[in-house]
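Remarks on the structure that follows.
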Amino acid sequence: MNNYVQRFLLEDLDIRGAIVHVDSVWQQMLQDRDYPVPVLKILGEMCATTLLLSYNLKQLGRLTVQLKGNGPVSMLVIDCNESLHLRGMAKYSHSITPQPVPDLLGHGQLVLTLDRQSMQETYQSIVPLDGDSIAEIFQHYFRQSEQLPSRLFLTTSAEAIFGILLQKLPTMVQRDPDDWTRIEAISATVLDQTMVGLPAEAILRRLFVEETIRIFEPQVVSYGCHKDTAKVLDMLQSLGRAEVNAILKEFGEVIVHDDICNHEYRFDALAIEAIFGEAGPMVH
């Protein structure tokens, strides 16, 4: 299994980039979700792009990317920390059918939030959903935020997600503009499925056979979802015993569902008594 992001530099052209490939982590995220193909595709492309963004950050922190719209796919949320621990989810209409990305998402916005422990306030960037694909939406974001011409090439299946990011460095303006067009065209061929499964170095050597490439060490991507019972207990205690008891009386148990990780926590009367008493809680 290969779960990584790997940066590279085309030294003679002043073009930088990165490759992302995620398989077993992606399959963990999909487990028990049963996403329709249109949702799976844009969620995978969102995951690939978020990893590329997170790996490229100048300031380390937890990056949360949300796409919110009024279409059949109403929300996509991807969360990634500086160690590339990834998690994510989608909310969508159950009557969804294959259709263009703008129709799936509808009118809405892309929200990027960077939370760093060293920052008193979180950084947030909001841009409209401008583009016919996930790649185009984020290319629009790059133009606004980093002011670097960028291209994204993304592909997703139920088995793996893959992407490549290209960015012009400011010094490239002194070079032949045809070089950027040529590298874009070459990079588009990477979406050939016979290439996607190869190691990053092999892909880069095949794509840019005539270029001088500096390839950096890869960073491993991990699944960022683990059961956190302590956090749920703190949340229930913050609600207070009276409110929790009211839920217990109405439903016979208290159920807390973690949407982004697809985890469910169940507490019966004995468990609730333990939470607000001296004994340790019993969770089902």
Side-chain angles (χ1 to χ4, degrees), residues 2-8 16-23 25-26 29-30 35 38-58 60-69 73 75-90 100-102 104-105 108-114 123-157 160-168 184 187-188 190-191 196 200 203 218-224 260:
N2 292 296
N3 304 280
Y4 66 84
V5 183
Q6 192 157 8
R7 193 181 291 125
F8 64 89
R16 71 180 183 186
I19 283 182
V20 58
H21 183 280
V22 181
D23 47 29
V25 169
W26 173 234
M29 189 184 295
L30 295 181
Y35 288 127
V39 178
L40 181 146
K41 184 176 185 298
I42 58 176
L43 181 66
E45 292 180 358
M46 276 271 292
C47 287
T49 308
T50 302
L51 286 164
L52 290 166
L53 278 167
S54 184
Y55 189 52
N56 220 26
L57 287 174
K58 295 175 184 176
L60 298 180
R62 177 176 293 279
L63 179 65
T64 303
V65 180
Q66 295 183 64
L67 277 178
K68 298 189 289 186
V73 181
M75 180 179 290
L76 295 140
V77 181
I78 312 296
D79 185 86
C80 183
N81 66 11
E82 59 266 27
S83 300
L84 298 190
H85 295 161
L86 181 73
R87 56 184 185 165
M89 52 81 68
V101 168
L104 287 171
L105 299 176
Q109 58 190 15
L110 168 66
V111 182
L112 294 96
T113 306
L114 178 61
Y123 164 80
Q124 192 168 80
S125 178
I126 302 174
V127 296
L129 299 182
D130 186 2
D132 292 333
S133 65
I134 296 298
E136 287 188 9
I137 289 169
F138 279 95
Q139 283 163 188
H140 176 70
Y141 164 76
F142 279 121
R143 282 195 301 273
Q144 286 202 340
S145 65
E146 297 190 12
Q147 297 175 342
L148 289 176
S150 306
R151 281 299 308 273
L152 277 163
F153 302 93
L154 307 167
T155 185
T156 296
S157 70
I161 58 179
F162 176 87
I164 184 167
L165 169 68
L166 296 175
Q167 290 187 309
K168 278 187 189 180
E184 278 186 298
S187 299
V190 78
L191 299 184
V196 166
I203 292 171
Q219 185 171 345
V220 174
V221 177
S222 304
Y223 189 45
I260 196 166

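Counting from 1, the numbers follow the sequence of the chain as shown.
We find the CZ-CG distance between Phe138 and Asp130 to be 13.0 Å, quoted to the nearest 0.5 Å. From Arg7, atom CZ reaches atom CD of Gln219 across 8.5 Å, with rounding to the nearest 0.5 Å.
Listed by chain and residue number, Gln139, Glu184 satisfy the side-chain hydrogen bond (donor to acceptor under 3.5 Å, both in side chains) test with Arg151 (two or more places apart in sequence, or in another chain). By the side-chain contact (heavy atoms from CB on, under 4.5 Å) test, Gln144 is found to be paired with Val127, His140, residues two or more places apart in sequence or in another chain being considered. Under the side-chain hydrogen bond (donor to acceptor under 3.5 Å, both in side chains) criterion, Ser187 pairs with no residue at all, not counting sequence neighbours. Residues that satisfy the side-chain hydrogen bond (donor to acceptor under 3.5 Å, both in side chains) test with Asp79, not counting sequence neighbours, are Arg62, Thr64, Arg87. Residues passing the side-chain contact (heavy atoms from CB on, under 4.5 Å) test with Val111, sequence neighbours excluded: Gln66, Lys68, Gln109, Thr113, Gln124, Ile126.
Pairing each heavy atom of Leu86 with each of Tyr223, the nearest pair is O-CD1, 3.4 Å. Minimum interatomic distance between Ala200 and Gln6 (heavy atoms only, all atoms of both residues): CB-OE1, 3.2 Å. The nearest pair of heavy atoms linking Val220 to Leu84 is O-CB, 3.6 Å. In this structure, Ala90 and Leu76 approach most closely via the heavy-atom pair CB-CD2, 3.6 Å. Of all non-hydrogen atoms in Ile203 and Ile19, the two that sit nearest each other are CG2-CD1, 3.9 Å. Shortest non-hydrogen contact noted between Val5 and Ala18 is CG1-CB, 4.4 Å.
At a threshold of 4.5 Å between non-hydrogen side-chain atoms, the residues Val20 and Leu154 do not count as touching. Proximity of Phe153 to Leu166: side-chain heavy atoms (C-beta onward) are separated by under 4.5 Å at one or more points. At least one side-chain heavy atom of Asn3 sits less than 4.5 Å from a side-chain heavy atom of Asp23. For the pair Pro102 and Asp132, the minimum side-chain heavy-atom distance is below 4.5 Å. Side-chain contact between Phe142 and Leu165: present, with at least one pair of heavy atoms (C-beta onward) separated by less than 4.5 Å. Taking the side chain as every heavy atom from C-beta outward, Ile164 and Phe8 approach each other to under 4.5 Å.
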| field | Glu136/Tyr141 under side-chain contact (heavy atoms from CB on, under 4.5 Å): CA gap, chis, key distance, verdict | value | CA-CA 9 Å; Glu136 287 188 9; Tyr141 164 76; over 6 Å; no
Quick one, Trp26 with Thr156, criterion side-chain contact (heavy atoms from CB on, under 4.5 Å). Give me CA distance, side-chain angles, the key distance, then yes/no. CA-CA 10 Å; Trp26 173 234; Thr156 296; 3.8 Å; yes
Would you be so kind as to tabulate the donor-acceptor pairs closer than 3.5 Å made by side chains of residues 42-55, with sequence neighbours excluded?
unit_1 : atom_1 : unit_2 : atom_2 : d
Glu45  : OE2    : Lys41  : NZ     : 2.7
Thr49  : OG1    : Glu45  : O      : 2.8
Thr50  : OG1    : Met46  : O      : 2.8
Tyr55  : OH     : Glu217 : O      : 3.2

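Residue Leu67 forms a side-chain contact (heavy atoms from CB on, under 4.5 Å) with just one option from Val77, Ile134, Val73, and that option is Ile134.
Using a 30° and 60° split on the angle between ring planes, His21 and Phe162 fall in the perpendicular class, above 60°.
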